[in-house]
**Student:** 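I have a structure here, written as structure tokens, and I will follow up with some questions on it.
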Number of protein chains: 2
Amino acid sequence: MASKAERGERRTDALSKERIVETAIEILDADGEGALTFRALTERLSTGAGAIYWHVANKNELLAATTNDVIARAMTSVVHTKDPKKAIRAIGLAVFDAFDAHPWAGSQLSREPWQPAVLRIFEAIGGQLEALGVPQRSQFDSATALVTYILGLAGQYAAGARLIAPGTDRSAFLADVATEWEQFDEATYPFVRRMAGQLRDHDDRAQFLAGLDLLLTGIASPPKTNTTT
Amino acid sequence: MASKAERGERRTDALSKERIVETAIEILDADGEGALTFRALTERLSTGAGAIYWHVANKNELLAATTNDVIARAMTSVVHTKDPKKAIRAIGLAVFDAFDAHPWAGSQLSREPWQPAVLRIFEAIGGQLEALGVPQRSQFDSATALVTYILGLAGQYAAGARLIAPGTDRSAFLADVATEWEQFDEATYPFVRRMAGQLRDHDDRAQFLAGLDLLLTGIASPPKTNTTT
DNA sequence: ACCTGAACACCGTTCAAGT
DNA sequence: ACCTGAACACCGTTCAAGT
């Protein structure tokens with residue numbers, strides 16, 4: 001009655017959805033979105049295309065699974081706090097760091113926001129709003145605004161990763177763009193020109209947090225009653 | 001010495017980048033992102049693939065051009081106001097309406113945020129911050145937060161368009177998702193469950209504006225000085 | 001039940017050749 | 001200078017056939 005597993009004969013290299021997802025993440029991390037093809041995957045797993053399709057419906061499902069993996073891991077790393085603002089900041093930074101490490105996940109998330117991964121972020125953030133003093137009727141808008149902001153960042157990060165060739169110096173890249181900004185026409189792009197210096201020196205993570213804090217400040221402010229007085 | 005144009009012999013059907021971009025927008029609007037292929041384009045323009053490559057470097061450039069067209073048109077429709085908050089709201093809504101009418105543009109924009117279209121939005125919004133009383137050193141963070149939020153929305157809208165089959169009833173779709181939300185596990189998704197009703201009834205445009213106002217409130221609030229007192 | 005791998009339909013892009 | 005359209009390399013997906 002002893003199963004194969006009990007006899008220790010389990011093949012550790014057997015194909016499974018987990019192993020496929022894991023390998024896909026390795027390819028995505030190493031060589032980016034464009035490198036994940038079924039051919040690359042079959043070669044790496046030394047199998048045929050049909051074998052992968054036995055475990056996974058199609059490429060979209062595979063990408064969704066990789067993204068969920070990465071986000072789920074990020075969410076479990078969030079330390080719990082009583083302070084709701086700190087908690088939301090911690091969630092935001094965990095997601096930010098996940099996008100920083102896996103920019104392809106940002107691309108996937110901003111393209112398919114109905115994924116479980118997004119719902120998890122939505123739930124985690126929403127759960128803090130009560131403690132923040134946000135009235136029930138405003139909680140949906142507030143949580144959506146926060147998630148939209150985070151997804152916006154996700155897309156930008158993914159785009160950055162596509163643009164900055166792997167191995168290229170980030171600050172050199174920013175300096176190049178800043179120099180472009182400085183050369184724009186003063187009449188039509190005065191603000192962009194003025195911001196060039198700040199673009200060159202800014203820190204993405206700090207800037208993300210600054211924006212998150214702006215939203216949090218707005219959310220925690222008492223709503224304007226434009227009815228009486 | 002009279003040119004062809006002066007003699008009125010200009011062929012109105014001559015190929016040009018403008019005509020290619022225009023046709024691409026027609027295809028994208030009618031049948032979505034997936035429908036824009038070089039084959040569909042050559043058929044519609046009754047020409048060869050090489051002819052298109054003569055005017056346009058590649059598909060990415062073509063998509064960037066279509067998006068810029070759509071956003072540029074949206075930006076010119078923005079009515080000018082003295083009130084900086086109203087002005088930023090008007091910009092946001094113009095962009096929102098553009099994504100509503102052309103969801104594929106949202107997809108493109110959130111994937112390639114270094115495009116001229118984004119810079120135009122960034123400039124238009126940034127130009128209002130001085131009047132809003134935002135200090136110079138905070139303007140970069142504030143403008144970036146607003147643009148990130150708008151790009152986040154862009155991605156979500158594009159995703160929605162991909163998900164909701166053309167011709168499907170939007171409110172029926174939302175009702176389906178809301179019903180799913182109501183059936184989630186109470187222990188792990190209490191917030192999501194509580195929000196199901198609001199999801200069913202919400203208005204995207206109003207919700208977008210609500211989030212924008214949260215950001216604006218945060219931006220207009222005097223910054224916390226955590227040094228003295 | 002799970003895997004193999006050739007075959008299919010389709011894609012963006014190139015390029016020798018035409019006008 | 002501008003256009004034609006066959007050809008190329010590559011993609012996701014299918015499926016008859018194997019174990």
Side-chain angles (χ1 to χ4, degrees), chain A residues 3-7 9-28 30-67 104 107-108 111-112 162-163, chain B residues 3-7 9-28 30-67 104 107-108 111-112 162-163:
Chain A
S3 76
K4 273 193 270 182
E6 278 172 311
R7 280 191 268 114
E9 281 177 22
R10 179 180 38 173
R11 308 172 44 192
T12 54
D13 64 336
L15 211 52
S16 66
K17 183 166 176 180
E18 290 75 44
R19 217 163 78 84
I20 292 168
V21 170
E22 191 185 321
T23 309
I25 292 177
E26 283 169 21
I27 294 173
L28 288 163
D31 301 309
E33 296 180 55
L36 183 64
T37 65
F38 275 82
R39 271 150 245 254
L41 212 44
T42 53
E43 200 176 335
R44 193 105 151 209
L45 291 163
S46 43
T47 181
I52 293 172
Y53 277 93
W54 180 260
H55 295 278
V56 161
N58 51 44
K59 193 175 180 180
N60 237 341
E61 194 199 289
L62 177 59
L63 276 170
T66 58
T67 306
W104 49 269
S107 170
Q108 177 61 14
R111 281 177 67 84
E112 313 252 313
R162 263 188 298 264
L163 210 62
Chain B
S3 76
K4 274 194 269 181
E6 280 172 308
R7 278 190 268 115
E9 282 176 20
R10 178 180 39 172
R11 308 175 42 192
T12 56
D13 64 335
L15 211 52
S16 66
K17 184 165 176 182
E18 290 75 44
R19 218 163 77 85
I20 293 169
V21 169
E22 191 185 321
T23 308
I25 291 177
E26 283 170 22
I27 294 174
L28 288 164
D31 301 309
E33 294 179 56
L36 183 65
T37 65
F38 275 82
R39 272 152 244 254
L41 213 44
T42 53
E43 201 176 334
R44 193 105 151 208
L45 292 164
S46 43
T47 181
I52 294 172
Y53 278 94
W54 179 261
H55 295 278
V56 160
N58 52 41
K59 192 174 182 181
N60 237 341
E61 194 200 291
L62 177 58
L63 275 170
T66 58
T67 306
W104 49 268
S107 169
Q108 177 60 16
R111 281 177 65 83
E112 313 252 313
R162 264 188 298 264
L163 210 61

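Worth knowing before you read on, the calculation uses all heavy atoms, side chains too, and leaves out hydrogens, waters and symmetry mates. Everything quoted here is computed from the prediction, not taken from an experiment.
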**Student:** Quick one: look up who C/dT13 pairs with, Watson-Crick or G-U, both distances under 3.5 Å, and put none if it's unpaired.
**Tutor:**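 D/dA7 - that is the nucleotide pairing with C/dT13, both distances being under 3.5 Å.
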**Student:** According to a strict under-4.0 Å criterion, is B/H55 in side-chain N/O contact with OP1 or OP2 of D/dC3?
**Tutor:**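 Yes, within the criterion.
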**Student:** Please report the C-alpha distance between A/W104 and A/T66 in whole Å, then the side-chain angles of each, then the deciding distance to 0.1 Å, and finally whether the side chain to side chain contact (heavy atoms under 4.5 Å, CB included) criterion is met.
**Tutor:** CA-CA 10 Å; A/W104 49 269; A/T66 58; 3.4 Å; yes
**Student:** Which atom pair, heavy atoms only, marks the closest approach of A/I52 to A/I20?
**Tutor:**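 Looking at all heavy atoms of both residues, the closest pair is CA-CD1, 4.1 Å.
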**Student:** Does a side-chain N or O from B/W54 land closer than 4.0 Å to OP1 or OP2 of D/dC2, or not?
**Tutor:**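 B/W54 to D/dC2 OP1/OP2: side-chain N or O found under 4.0 Å.
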**Student:** Roughly how far, to the nearest 0.5 Å, is the CZ atom of B/F38 from the CG atom of B/N58?
**Tutor:**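 Here the rounded value is 7.0 Å.
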**Student:** Taking it one step at a time, do B/E112 and B/N60 satisfy side chain to side chain contact (heavy atoms under 4.5 Å, CB included)?
**Tutor:** CA-CA 10 Å; B/E112 313 252 313; B/N60 237 341; 4.1 Å; yes
**Student:** Name all residues meeting the salt bridge (Lys or Arg N to Asp or Glu O under 4.0 Å) criterion together with B/E22; count only those two or more places apart in sequence or in a different chain, and write none if there are none.
**Tutor:**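 B/E22: no salt bridge (Lys or Arg N to Asp or Glu O under 4.0 Å) contacts found.
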**Student:** Please write out each protein N/O paired with an N/O of nucleotides 12-15 of chain D under 3.5 Å, distance rounded to 0.1 Å.
**Tutor:**
residue : atom : partner : partner atom : Å
D/dG12  : OP1  : A/K59   : NZ           : 2.6
D/dG12  : OP2  : A/F38   : N            : 3.0
D/dG12  : N7   : A/R39   : NH2          : 2.7
D/dG12  : O6   : A/R39   : NH2          : 2.6
D/dT13  : OP2  : A/Y53   : OH           : 2.8
D/dT13  : OP2  : A/K59   : N            : 2.9
D/dT13  : O5'  : A/Y53   : OH           : 3.0

**Student:** Give none if C/dG18 has no partner; otherwise give the nucleotide forming a Watson-Crick or G-U wobble pair with it, both distances under 3.5 Å.
**Tutor:**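 Pair assignment: C/dG18 / D/dC2.
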**Student:** Sort and list the pairs that fulfil side chain to side chain donor-acceptor pair (under 3.5 Å) and have at least one residue in residues 31-45 of chain A, not counting sequence neighbours.
**Tutor:**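 Only A/E26-A/R44, A/E33-A/S107, A/E33-A/R162 qualify under side chain to side chain donor-acceptor pair (under 3.5 Å).
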**Student:** Over how many whole Å does the gap from A/L41 atom CG to D/dC11 atom P extend?
**Tutor:**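 Atom CG in A/L41 sits about 12 Å away from atom P in D/dC11.
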